[in-house]
Protein chains: 2
Amino acid sequence: MASQPLPKSARGRPRDPRTRVAILAAARALLERGGLTAVTIEAIAQKAGVSRPTIYRYWSNAPAVAMAAFLEATGAPDAARKAATPLAALRAQLHAVADAFAAPTGRSVAAMVAAAQSETELAKAFRNEFIARNRDATRVLLEQCIAKKLVSSPAETDLALDLIFGPLFYRLLMGHAPITRSFVDRLLDVVIPARD
Amino acid sequence: MASQPLPKSARGRPRDPRTRVAILAAARALLERGGLTAVTIEAIAQKAGVSRPTIYRYWSNAPAVAMAAFLEATGAPDAARKAATPLAALRAQLHAVADAFAAPTGRSVAAMVAAAQSETELAKAFRNEFIARNRDATRVLLEQCIAKKLVSSPAETDLALDLIFGPLFYRLLMGHAPITRSFVDRLLDVVIPARD
DNA sequence: GTTATATTACGTTACGTAGCGTAACATTAA
DNA sequence: TTAATGTTACGCTACGTAACGTAATATAAC
């Protein structure tokens, strides 16, 4: 009897899950230390104890690996959970963003923004994952604030998001001024002044 | 009488001014078409009709040439000259920025922001020239508006500048929404609401 | 003035290196 | 038997530099 061909994923030698993990961990470490230019296939291979061709069997090029590593290391924002009010939650979440941007992670974020400028696929992945994640989480909190009339509601939520995240990324990328929690507070004072 | 040694620039064969011009023009053209990755020393050399070593005698690497070409092509902002009031001038200048960011020039700006992430020297040059130029020009107009009480004065001018340029760069780099004149207008409505 | 000489710009050629992306083949795990 | 992985080996692009010769200009010596 001719047996049905098994699905690809079940035939042959399975991928060693440690391979993927090792590659991403190596890429992440290289990214944080030396920026995007340090993330070469050769360096990843050596650091991860994996052969170069194997990496190409997972991703198409070095920036793609870097992006995957970055996105996997960057979970959904969750700093706002134990806040009492939506406004406090919003503030807490943006403080967390400021902290991350000011820390070494910030350099990785900047590197990914830079990488996304030259490759469409990377740009799409970055926008749909990292940017959207932060924007959406903030949008939810912002709309809760509006619904509960905790703030003078801004004309448009999307505009407000640009007014909040724009300056944060601007400082991150230009480096003309530090990214602090008080900077976030002053931004919020302008964009969504507390009611009364 | 032992004559003083002449300044370096007066001895020997003078540089052919066309060399520098040709290199920068070639770099600029390559930058606008193919982004930063297209600006290689080899491509510049070929397009400019100049040898590779000659380029290295002027600049240390390809991104440095690209930055020089970009900065030379980007003069000081001047769109605000024939405006009637400081507020109109401010608006006109920022409309010009929006137009530039929405045009092919915008891609060059984004490419330079990206390049500035990996090299300190480039970052400094970019910040001190391009960013400072735009910021300073806008600051002057903004302070005129405040002095004449045309707007509700923002708490800090620098914060206002971040709130204006931040979202513009944010949209340029992320590409999640278009950069239009009405976007500028809505930004200004929030950051410096017109008085009364 | 005319002629040497120093100095600098530029081209040509060549070199070694890094990193890329791919192909061929052997080995290993299911 | 099938597919994952390692090993090795290519060819390619671009880099950055070095060596050499020549062109252009200024200064100095006569």
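Each chain gets a letter, A, B and so on, in the order the sequences are listed, and its residues count up from 1. Remember, predicted model here, so these are calculated numbers, not experimental data.
- Place A:T37 and A:R57 on DNA chain C by their nearest nucleotides, and A:T37 ends up nearer the 5' end.
- Across the protein-nucleic acid pair, B:I23 atom CD1 and C:dC10 atom C1' stand 10 Å apart, rounded to whole Å.
- Residue B:R11 places at least one side-chain N or O under 4.0 Å from the OP1 or OP2 atom of C:dT8.
- Applying the side chain to side chain donor-acceptor pair (under 3.5 Å) test between B:R139 and each of B:D158, B:N134, B:T157 identifies B:D158 as the sole match.
- If you measure from atom CG of B:L30 to atom P of D:dA14, you get 11 Å, rounded to the nearest angstrom.
- A donor N or O paired with an acceptor N or O is not found under 3.5 Å between the base of D:dA3 and the side-chain atoms of A:R13.
- Between A:I55 atom CD1 and C:dA23 atom C1' the separation is 17 Å, expressed in whole Å.
- For the pair A:Y58 OH and C:dG21 P, the interatomic distance rounds to 18 Å; values are reported in whole Å.
- For A:T54, no side-chain nitrogen or oxygen approaches OP1 or OP2 of D:dA4 to under 4.0 Å.
- Rounded to the nearest 0.5 angstrom, B:M174 CE and B:F169 CZ are separated by 12.0 Å.
- A salt bridge is defined here as a Lys NZ or Arg NE, NH1 or NH2 lying under 4.0 Å from an Asp or Glu carboxylate O, and A:E72 with A:R20 meets this definition.
- Counting to the nearest Å, the P atom of C:dC20 and the CH2 atom of A:W59 are 15 Å from each other.
- Within the 4.0 Å cut-off from OP1 or OP2 of D:dT5, not a single side-chain nitrogen or oxygen of A:S51 is found.
- Listed candidates were D:dT5, C:dA14, C:dA23. Nearest to the side chain of B:R52 is C:dA14.
- Atom pair B:R18:CZ and D:dA24:C1' shows a separation of 13 Å (rounding to whole Å applied).
- Nearest to the side-chain atoms of B:I41 among the listed nucleotides C:dT13, D:dG16, C:dC10 stands D:dG16.
- If you measure from atom CD of B:E42 to atom C1' of C:dT17, you get 14 Å, rounded to the nearest angstrom.
- Nearest to the side chain of B:T40, among C:dT12, C:dA30, D:dC15, sits D:dC15.
- Counting to the nearest Å, the P atom of D:dC15 and the CD atom of B:E119 are 12 Å from each other.
- Atom CD of A:Q46 sits in a sparse spot, with 12 or fewer heavy atoms from other residues, nucleotides or ligands closer than 6.0 Å.
- Of all nucleotides listed (C:dT22, C:dC10, D:dA4), D:dA4 comes nearest to the side chain of A:R15.
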**Request:** Go through the steps to decide whether B:E42 and B:R52 satisfy the test salt bridge (Lys or Arg N to Asp or Glu O under 4.0 Å), and finish with yes or no.
**Result:** CA-CA 6 Å; B:E42 307 229 342; B:R52 283 199 298 128; 3.6 Å; yes
